[in-house]
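First up is the structure itself, then whatever we jot down about it.
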There are 4 protein chains.
Amino acid sequence: MKKNKPKYKQIIDAAVEVIAENGYHSSQVSKIAKKAGVADGTIYLYFKNKEDILVSLFQEKMGQFIEKIEQETNSRQTAEEKLLKLVETHFEQLSADHHLAIVTQLELRQSNKDLRQKINSVLKPYLNVIDAIISEGVEEGLFRPNLDRRLVRQMIFGTLDETVTNWVMKEQRYNIVDQAHEVHSLIVHGLARSSQ
Amino acid sequence: MKKNKPKYKQIIDAAVEVIAENGYHSSQVSKIAKKAGVADGTIYLYFKNKEDILVSLFQEKMGQFIEKIEQETNSRQTAEEKLLKLVETHFEQLSADHHLAIVTQLELRQSNKDLRQKINSVLKPYLNVIDAIISEGVEEGLFRPNLDRRLVRQMIFGTLDETVTNWVMKEQRYNIVDQAHEVHSLIVHGLARSSQ
Amino acid sequence: MKKNKPKYKQIIDAAVEVIAENGYHSSQVSKIAKKAGVADGTIYLYFKNKEDILVSLFQEKMGQFIEKIEQETNSRQTAEEKLLKLVETHFEQLSADHHLAIVTQLELRQSNKDLRQKINSVLKPYLNVIDAIISEGVEEGLFRPNLDRRLVRQMIFGTLDETVTNWVMKEQRYNIVDQAHEVHSLIVHGLARSSQ
Amino acid sequence: MKKNKPKYKQIIDAAVEVIAENGYHSSQVSKIAKKAGVADGTIYLYFKNKEDILVSLFQEKMGQFIEKIEQETNSRQTAEEKLLKLVETHFEQLSADHHLAIVTQLELRQSNKDLRQKINSVLKPYLNVIDAIISEGVEEGLFRPNLDRRLVRQMIFGTLDETVTNWVMKEQRYNIVDQAHEVHSLIVHGLARSSQ
DNA sequence: TATGAATGAGTGTTCATTCAT
DNA sequence: AATGAATGAACACTCATTCAT
């Protein structure tokens, strides 16, 4: 299995670094190879083409990302707690890897439709986690029963994504994890005064 | 003023069409020139470079977009009503111009960091509109007083943006305007049962 | 019509020179452009791709080559005289353009199957000229009536081609035109002292 | 002697197959190694480089080819009979090995000048066989005494080569051996109804 | 002997921009 | 103002060959 060989991870980590530092469009394969300490040709022993590096990068990193979120949310009891843990873990993980944050929030969005479609399919499991929490919340009687699941999912993901993107564009000058409670509160209770 | 000459708008409209139909990466300057019915070189009498076409496109179209939202929201009394009108008008306008929806939600995101920064500055007035509504809501006592304005703005914009993007990616097969009330409700009251 | 613009011929002539001097595999597009005195990109205003330069080169040069042979053979009366004129003109023309001789006899044969197929179709009119002369000779009663036309054509073309190729590979150190009569004699009368 | 080890022949036979099936330009060393059932590196224990495989292939196969022709022609008495046997044996052998026919007539011609020069030197003994038959024919009084040996050799080889190449390009859809007599007749007696 | 992972040189083509007319 | 022919920089990918095991 190529994915377990050291050079596979070496190249992916180099790609994250190179893209974060140089931007998507200045990240030539040769630059990634150099940073990874391998020859250009070696890249093609582990990846089908340049796009495959990027898809694999996203799969690898988001796989771990989502797995961690699954674990953490499962350690909580109620949907509300799970949702808070999801927000926290989402922010924590991207906080912990600034390069990755830049790559996922800014650089990888510059990719073409085809690549973006693949990236979206990697995100599917994450959306499933959100869906499950919503369902749980409804069953528990915590959340309103007549919620449009798709819209809710879009609100949650859109809010988190926009929040992280803004933080990255502000060059990560504040602590985003500190905002988890407030974001969670906005999602659960909205803007209105009457909620508590 | 170049912006008022007919060819200026002609080129911008051609750009929207070409990008919507061919995608960002297949939208060469020559293709835009052809669609606009001018020579390649003529483009450069009206725009500094290719990026300038895209920025101008966004300014022109978003300028109208935001102006319309300002007008519509101002015709409402309370912050809650204004917010609903904002969501509705946001959805209506993109619903009314499918090409523009594709360009703003999908294609222009493939641009590089530099261009995206400029695009963001065009969005600034929109964010100000949102901010004003929030402030109003707080003053009216409708919204919670201790809201983090930036986070709220990100929740609102992120939710709308994600909702529209999903609609575009689903090839606009459903009526997004129908969802305005539900989205508004989610923003104002959140997921929780206890809100009304 | 691009074929009549000066740069079209300029590029083709440069290609003949570059290929003759550097060999097929060392004839990069950039080298041809440089020799032609144009930018690399200009090549692609006149030719679809590299292969198209080579096919066009062959069409252009062989078109003239074959036309000349048609003219010259038509100025003769009998099939035998026509055949002699054909051999002479074939040798004369390649003698007169050493670069072209190298390109057609050696370098262009290194091309892939696809290109060679196209090259063969350019040669078709030449084979038709040969066929016509054979038919004429048979009708005149000069040539044997039961000849297998295809085989005869292959003998004639194969003999001329092999003769020229050998001359080119011997670096054109002797006068091939001097051999026209002898080659013609071999084709018409064969090896035998006296046939009956 | 490496040439007698089993892997040597194994690799050459693999090369013939791979080239016949995939074409010259798609016949990578790794593909030949795989077909031969050895590792890529093993190739280089038996051959200096890729070109050496091809030269060796030609030497090996043409060696047998020519040897067979020498034997067969020697079993005949007169130069004319020998020539007929040469034509027949030439056709028969390539008829019997379609892969080899494709490789020698089409694929190996795509090689560069350097390789083609080496290939030509492998053909030298064959040309000598032809020369000997011509000399014999002249001595016997069967062939004209003032023949230009080189031209005759080129006529004979050019005719055979062109005939076989056409047959291969027509995908070997007819029986080329059937044409040996006619080809022989053309070589010996030419086109003319009656020479004197 | 044999392996096969690793190497790295080499090139056709696109397209934003310019500038002589 | 308008044209459009000409420019030339930039880059992913292949594959013959090597060499540590």
Side-chain angles (χ1 to χ4, degrees), chain A residues 2 5-8 10-11 25-34 36-53, chain B residues 2 5-8 11 25-34 36-54, chain C residues 2 5-8 10-11 25-34 36-54, chain D residues 2 5-7 11 25-34 36-54:
Chain A
K2 295 214 157 152
K5 295 200 180 171
K7 285 198 178 156
Y8 180 84
Q10 210 170 311
I11 292 166
H25 282 113
S26 300
S27 296
Q28 297 83 351
V29 171
S30 62
K31 214 177 256 174
I32 295 173
K34 199 170 181 184
V38 301
D40 292 17
T42 305
I43 298 269
Y44 293 88
L45 297 177
Y46 294 89
F47 302 91
K48 225 170 60 249
N49 49 37
K50 187 181 178 181
E51 184 178 303
D52 190 33
I53 307 177
Chain B
K2 296 209 160 160
K5 298 208 178 167
K7 284 196 179 162
Y8 180 84
I11 291 166
H25 286 293
S26 300
S27 296
Q28 296 82 356
V29 171
S30 63
K31 213 178 254 174
I32 295 172
K34 198 172 182 184
V38 301
D40 292 16
T42 305
I43 298 268
Y44 291 87
L45 299 175
Y46 294 89
F47 301 91
K48 219 170 68 245
N49 50 34
K50 187 180 179 183
E51 185 178 300
D52 189 32
I53 307 176
L54 304 174
Chain C
K2 297 217 156 148
K5 296 202 178 168
K7 284 195 181 160
Y8 180 84
Q10 211 170 308
I11 291 165
H25 281 113
S26 300
S27 296
Q28 296 84 351
V29 171
S30 62
K31 215 178 255 174
I32 295 173
K34 198 170 182 183
V38 300
D40 291 17
T42 304
I43 298 270
Y44 292 87
L45 297 176
Y46 294 89
F47 301 91
K48 224 171 59 249
N49 50 36
K50 187 180 179 183
E51 183 179 301
D52 190 33
I53 308 177
L54 304 174
Chain D
K2 294 205 160 161
K5 298 207 178 167
K7 284 195 180 163
I11 291 166
H25 286 292
S26 301
S27 296
Q28 297 82 353
V29 171
S30 63
K31 215 179 254 174
I32 295 172
K34 197 172 182 184
V38 301
D40 293 16
T42 305
I43 298 268
Y44 292 86
L45 299 175
Y46 293 89
F47 301 91
K48 218 169 67 244
N49 50 35
K50 186 180 180 182
E51 185 178 300
D52 190 33
I53 307 177
L54 304 174

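The sequence lines fix the lettering, A, B, ..., with proteins before strands; numbering per chain opens at 1.
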What's the spacing between [X] [atom1] and [Y] [atom2] if we round to 0.5 Å?
X: B:Y8; Y: B:I53; atom1: OH; atom2: CD1; value: 10.5 Å
X: C:I11; Y: C:L45; atom1: CD1; atom2: CG; value: 8.0 Å
X: C:Q10; Y: C:I32; atom1: CD; atom2: CD1; value: 13.5 Å

Report the residue (B:T42 or A:H25) whose heavy-atom-nearest nucleotide on DNA chain F is the more 5′ of the two.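 The residue closer to the strand's 5' end, by nearest nucleotide, is B:T42.
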Can you tell me how far [atom2] of [N] sits from [atom1] of [X], to the nearest Å?
X: C:I43; N: E:dC15; atom1: CD1; atom2: C1'; value: 17 Å
X: C:Q28; N: E:dA9; atom1: CD; atom2: P; value: 16 Å
X: C:D52; N: E:dT13; atom1: CG; atom2: P; value: 10 Å
X: D:E51; N: F:dC15; atom1: CD; atom2: C1'; value: 16 Å
X: A:I11; N: E:dA6; atom1: CD1; atom2: P; value: 9 Å
X: D:K50; N: F:dC15; atom1: NZ; atom2: C1'; value: 8 Å
X: B:Y46; N: F:dA1; atom1: OH; atom2: P; value: 6 Å
X: C:K34; N: E:dT11; atom1: NZ; atom2: C1'; value: 15 Å

Sugar-phosphate only, base, or nothing, as touched by B:K7 at under 4.0 Å among non-hydrogen atoms: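 The residue B:K7 makes sugar-phosphate contact but no base contact.
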Intra- and interstrand pairs of DNA chain E - dot-bracket, Watson-Crick/G-U under 3.5 Å, | marks other strand: .||||||||||||||||||||
Minimal non-hydrogen separation, D:H25 against D:Q28, with atom names: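 Heavy atoms only, the tightest pair is O-NE2, 4.4 Å.
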Give a yes or no on whether the backbone of A:V29 and the side-chain of A:K50 come within a donor-acceptor separation of less than 3.5 Å.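 Pair absent, no side-chain N/O of A:K50 close to backbone of A:V29.
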Hey, which of these two, C:G41 or B:Y44, hits DNA chain E nearer its 5' end, going by closest nucleotide?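 The 5'-side residue here is C:G41.
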Assuming nearest nucleotide by heavy-atom distance, tell me which of A:L45 and B:D40 is located more 5' along DNA chain E.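 It is A:L45, whose closest nucleotide lies nearer the 5' terminus.
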Within the pair B:K5 and F:dA1, is there a side-chain N or O less than 4.0 Å away from OP1 or OP2?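 For F:dA1, OP1 or OP2 has a side-chain N or O of B:K5 closer than 4.0 Å.
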Residue D:N49, side-chain atoms from C-beta onward, closest of F:dT17, E:dT7, F:dG8: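 Nearest listed nucleotide: F:dT17.
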